[in-house]
There are 2 protein chains.
Amino acid sequence: MVSTGLPQGAVPKLERPGPLRDRVYEALLELITTRALGPGRHLVESELAGHLGVSRQPVREALQRLSTEGWVDLRPAQGAFVHEPTEEEADQLLTVRTLLEAEAARLAAAHADSPGIAVLEELCAEGESAVAAEDVDRAVALNAAFHAKVMELAGNTVLAELAAQVDRRIRWSYTPVARQRGAQSWAEHRELITAIADHDEQRATHLMREHTEHTRRSYHEHDAG
Amino acid sequence: MVSTGLPQGAVPKLERPGPLRDRVYEALLELITTRALGPGRHLVESELAGHLGVSRQPVREALQRLSTEGWVDLRPAQGAFVHEPTEEEADQLLTVRTLLEAEAARLAAAHADSPGIAVLEELCAEGESAVAAEDVDRAVALNAAFHAKVMELAGNTVLAELAAQVDRRIRWSYTPVARQRGAQSWAEHRELITAIADHDEQRATHLMREHTEHTRRSYHEHDAG
DNA sequence: GGATTGTCTTTCGTCTGCAGTCTACGGCGC
DNA sequence: GCGCCGTAGACTGCAGACGAAAGACAATCC
């Protein structure tokens with residue numbers, strides 16, 4: 001088995017194109033999150049199929065998946081429409097996110113080991129430098145990576161999957177706001193890291209809850225203004 | 001508009017058969033939850049199509065949906081296989097469920113009104129009588145209805161959707177256990193109702209957490225035994 | 001003039017057919 | 001006897017086509 005001398009992970013699967021439906025799915029998700037397809041827009045299957053150069057079938061399967069994940073609404077015998085997020089729904093999403101992230105922080109505090117904490121600190125340092133350099137896109141990406149790493153350290157796959165869903169939907173109805181509070185956010189991250197390193201579950205839960213609640217509040221302020 | 005004299009809600013929509021894919025979806029879900037299609041089984045599209053008297057397309061779409069909801073694993077170019085739940089996954093699901101239900105109880109305590117509480121009490125009474133009559137199926141159904149009502153009173157749609165997903169998956173890897181603790185469970189429900197009626201968020205959260213944790217523990221005991 | 005009804009276009013829902021790929025099995029060489 | 005290779009079968013992935021339902025618009029009747 002190992003006698004071939006081939007590097008183990010170097011040639012994973014020859015990089016195939018992969019199932020067409022998945023690429024259609026990602027293409028549509030990109031179009032939706034970038035607002036190229038705005039909320040409420042009617043997605044005509046044949047139109048999308050022609051535009052992407054494929055048949056209707058992969059498009060239909062992609063739309064199905066997008067529907068179950070809450071990106072589009074699939075009205076029977078009428079077609080798919082890009083979901084229109086309401087104020088109420090955004091608030092509910094933020095509530096749920098607070099819940100999931102806080103639990104993740106607790107579990108991370110319970111299970112985290114040294115290498116994991118080192119990664120967190122590294123991400124935090126990079127994030128701070130990105131904020132200092134006013135590289136907003138990079139800061140946002142690092143923020144997502146930080147939370148994803150906390151979720152990974154929590155070691156609960158189910159929790160991670162749900163959080164990922166919720167997170168993407170939030171970031172969608174939310175793009176303009178996420179760019180505002182930069183430095184403050186990373187200071188809170190630093191506090192959170194120490195709590196996790198100390199295995200202080202209560203403190204980690206509390207800090208993460210505060211952190212996401214701050215974000216939620218800034219959303220409402222933005223909305224009101 | 002109202003001069004037609006037709007009863008308003010009596011003729012809702014003529015009860016159409018509805019989209020075929022949905023009926024296929026429900027049929028397959030029934031077959032999976034009842035273990036007629038056991039975990040790990042290879043689901044062949046043409047076979048299912050022939051058995052249900054439809055074409056492959058609705059079957060494919062139903063399988064897609066089942067895949068995104070975690071019921072089947074869709075291996076590319078190989079087909080669909082009924083998902084095999086692991087011990088770890090079951091535990092993670094229960095953890096998440098505890099979290100979601102506890103939050104629902106808190107929100108319910110914050111928002112519940114008299115008619116809602118009345119419904120809860122009614123469900124509780126029915127549940128106790130079902131337990132007394134040793135009608136296990138009915139007791140299980142009422143238990144689900146009770147938790148669903150609490151979730152509805154919480155008034156958070158996103159939370160409810162996530163909880164519904166998690167709940168169904170739990171009930172699947174879980175059927176043999178759910179039938180054990182009957183009377184105890186309903187006593188806890190009664191306590192929870194009073195907490196909600198008093199708008200005591202802390203107590204409602206705590207009680208629901210205890211309640212679901214009891215369930216989780218009995219799962220592990222059953223598993224160990 | 002307003003409401004109603006008939007038709008017409010658009011789009012979805014479903015079915016059939018074909019090509020690509022993975023798996024399993026039998027034959028062959030060592 | 002053991003392992004490798006070639007071939008056959010089966011299944012999935014994708015494309016195209018047909019029937020049906022929903023919405024829009026115009027003509028008609030009251």
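The chains referred to below are lettered A, B, ... by the order of the sequence lines, with proteins before strands, and numbering in each begins at 1.
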Could you work out which one of [options] sits closest to the side chain of [X]?
| X | options | answer |
| --- | --- | --- |
| A:Leu20 | C:dT23, D:dC14, D:dC11 | D:dC14 |
| B:His42 | C:dC15, C:dC12, D:dT12 | D:dT12 |
| A:Ser55 | C:dT11, D:dT12, D:dA15 | D:dA15 |
| B:Arg60 | D:dT12, D:dG23, C:dC12 | D:dT12 |

What nucleic acid atoms does [X] come within less than 4.0 Å of, heavy atoms only: base, sugar-phosphate, or nothing?
| X | value |
| --- | --- |
| A:Leu43 | sugar-phosphate |
| A:Gln78 | sugar-phosphate |
| A:Arg21 | sugar-phosphate |
| A:Leu74 | nothing |

Do B:His83 and B:Glu89 have side-chain N/O donor and acceptor atoms under 3.5 Å apart?
-> yes

Map A:Arg56 and B:Gly79 onto DNA chain D by nearest heavy atom, then report which one ends up closer to the 5' terminus.
-> B:Gly79

Contacts of B:Val44 and B:Gln57 projected onto DNA chain D by closest heavy atom; the upstream (5') one is B:Val44

Would you name the heavy atoms of B:Thr157 and A:Gln92 that are closest together and state the gap between them?
-> N-OE1, 2.9 Å

For [X] and [N], what is the distance between atoms [atom1] and [atom2] respectively, to the nearest whole Å?
| X | N | atom1 | atom2 | value |
| --- | --- | --- | --- | --- |
| B:Gln64 | D:dG13 | CD | C1' | 11 Å |
| B:Glu61 | D:dT12 | CD | C1' | 15 Å |
| A:Glu47 | C:dC12 | CD | C1' | 14 Å |
| A:Leu52 | D:dA15 | CG | P | 11 Å |
| A:Asp22 | D:dG13 | CG | C1' | 12 Å |
| B:Arg75 | D:dT12 | CZ | C1' | 14 Å |

Around B:His51, counting heavy atoms of other residues, nucleotides and ligands shown, do more than 12 lie under 6.0 Å from its NE2?
-> no

Can you list every salt bridge (Lys or Arg N to Asp or Glu O under 4.0 Å) pair that touches residues 144-162 of chain B, not counting sequence neighbours?
-> B:Lys149-B:Glu152

Are side-chain heavy atoms of A:Val54 and A:Arg23 found at a separation under 4.5 Å?
-> no

